[in-house]
Every structure is written in C-alpha cells, then in structure tokens.
Amino acid sequence: QVQLVESGGGVVQAGGSLRLSCAASGRTFSSYTMGWFRQAPGKEREFVALINWSGDSTYSAASVRGRFTISRDNAKNTVFLQMNTLKPEDTAAYYCAADRQGGRSRLAAHYDYWGQGTQVTVSS
C-alpha cells in the first residue's frame with residue numbers, strides 16, 4: 001500500500017509560479033510511474049504529466065507543455081510539479097497518482113494510488 005500526500009497549492013496571480021510536492025510512503029515508490037492529474041469544478045479529471053521510475057522519461061499534456069515540469073527524488077520518495085506562467089484555466093484541484101505497473105498511461109483508471117489533492121487557484 002502506498003499513501004500519497006500533496007502539498008504546495010495556493011492562490012497565485014496569472015503569470016506566477018507554484019511548485020507542488022507529493023510525498024509517498026512505502027519502499028516501492030522508486031519502481032512506480034508517477035503522474036499528476038487535475039480536476040476543475042464540473043469537469044472530468046484530466047492528465048497533466050507523468051514521470052517514469054528513474055526520472056529520465058517524462059510526458060506532459062499539450063496544454064501545459066513548456067510551462068509545467070515534473071520531476072522526482074526517489075531518495076526522498078517525492079515527486080514534484082513545477083508550474084510556471086500559470087493561467088486562470090490552470091485553476092483546479094491537483095492530484096498525484098502512482099502506477100504500480102510502471103507504464104506510461106495518461107488514463108486515470110490505470111493508476112492505483114491517489115492523493116487527496118491540493119487546490120491551485122490562478123486569478124486573472
């Protein structure tokens with residue numbers, strides 16, 4: 001069992017930056033693919049970015065590519081999402097998730113463990 005706890009959300013003006021963190025419990029964290037998803041009110045949960053177990057392969061959604069960067073520190077059991085040049089449409093609850101199979105899926109259903117989410121609000 002893996003427990004995930006996100007932090008770092010908040011309110012920021014458009015053009016600003018935030019860094020989200022996701023701390024994981026469990027000795028097998030370093031073998032999992034980790035992903036970030038977001039969900040705005042009234043919308044479906046959408047994929048943001050993923051990173052493979054070693055951190056040398058990442059993939060981001062087109063809507064955030066070039067602005068958001070996913071990274072991980074396996075020694076600290078933590079995955080990060082650096083968000084720059086934030087836009088009002090980035091406003092959402094952000095969730096980290098773990099894929100035990102180590103895949104590269106952008107589908108939420110393929111992830112086994114989820115955090116409780118952290119709210120990001122971008123004002124215009």
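Just so you know, these numbers use all the heavy atoms, side chains as well, and skip hydrogens, waters and symmetry mates.
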Rounded to the nearest 0.5 Å, what separates atom OG in Ser123 from atom CD in Gln13?
5.0 Å
Shared hydrophobic cluster, Leu18 / Trp36 (ILVMFWY, side-chain heavy atoms < 4.5 Å):
yes
Co-membership, hydrophobic cluster, residues Val64 and Val122, 4.5 Å side-chain:
yes
First locate atom CG of Leu4, then atom OG of Ser25, and finally report the distance between them rounded to the nearest 0.5 Å.
7.0 Å
Could you see if Ile70 belongs to whatever hydrophobic cluster contains Tyr94? Use Ile, Leu, Val, Met, Phe, Trp, Tyr and a side-chain cutoff under 4.5 Å.
yes
Closest heavy-atom pair and its distance - Ala49, Ser60
CB-OG, 3.8 Å
Can you tell me how far apart OG (Ser54) and CG (Asn74) are? Round to the nearest 0.5 Å.
8.0 Å
Spatial distance of atom CZ (Phe47) from atom OG (Ser63) [nearest 0.5 Å]:
9.5 Å
Have Arg104 and Ser57 got a donor and an acceptor in their side chains that come within less than 3.5 Å?
yes
So Phe68 and Leu86, do their side chains get closer than 4.5 Å, heavy atoms only?
yes
Quick check: do Thr118 and Leu20 have side-chain heavy atoms less than 4.5 Å from each other?
yes
Taking the six-membered ring of Tyr95, is NZ or CZ of Arg38 closer than 6.0 Å to its centre and within 45° of its axis?
no
Which heavy-atom pair separates Thr78 from Ser21 by the least distance, and what is that distance?
CG2-CB, 4.3 Å
Got more than 12 heavy atoms from elsewhere within 6.0 Å of CD, Gln116?
yes
Pair Asn84-Ser17, side-chain donor/acceptor within less than 3.5 Å
yes
Using side-chain heavy atoms (C-beta onward) and a distance below 4.5 Å, is Val48 in contact with Leu81?
yes
Listing request: all ring-ring contact (aromatic ring centres under 6.0 Å, His included) pairs with a residue in residues 101-124, at least two apart in sequence or in separate chains.
Phe37-Tyr111, Phe37-Trp114
Between Thr58 and Asn52, is any pair of side-chain heavy atoms under 4.5 Å apart?
no
Rounding to 0.5 Å, atoms CD (Gln101) and OG (Ser31) come to a distance of 10.0 Å
Do any pairs count as a salt bridge (charged side-chain N to carboxylate O under 4.0 Å, His left out) and have a residue in residues 57-75, sequence neighbours left out, and if so which ones?
Arg67-Asp90
How about Thr33 and Ile51: do any of their side-chain heavy atoms sit closer than 4.5 Å?
no
One should read off an interatomic distance between Asp112 CG and Gln1 CD, to the nearest 0.5 angstrom, of 10.0 Å
Can you find a heavy atom in the side chain of Met34 that is under 4.5 Å from one in the side chain of Trp53?
no
May I ask you to decide if Arg19's main-chain N or O and Gln82's side chain share a donor-acceptor pair within less than 3.5 Å?
no
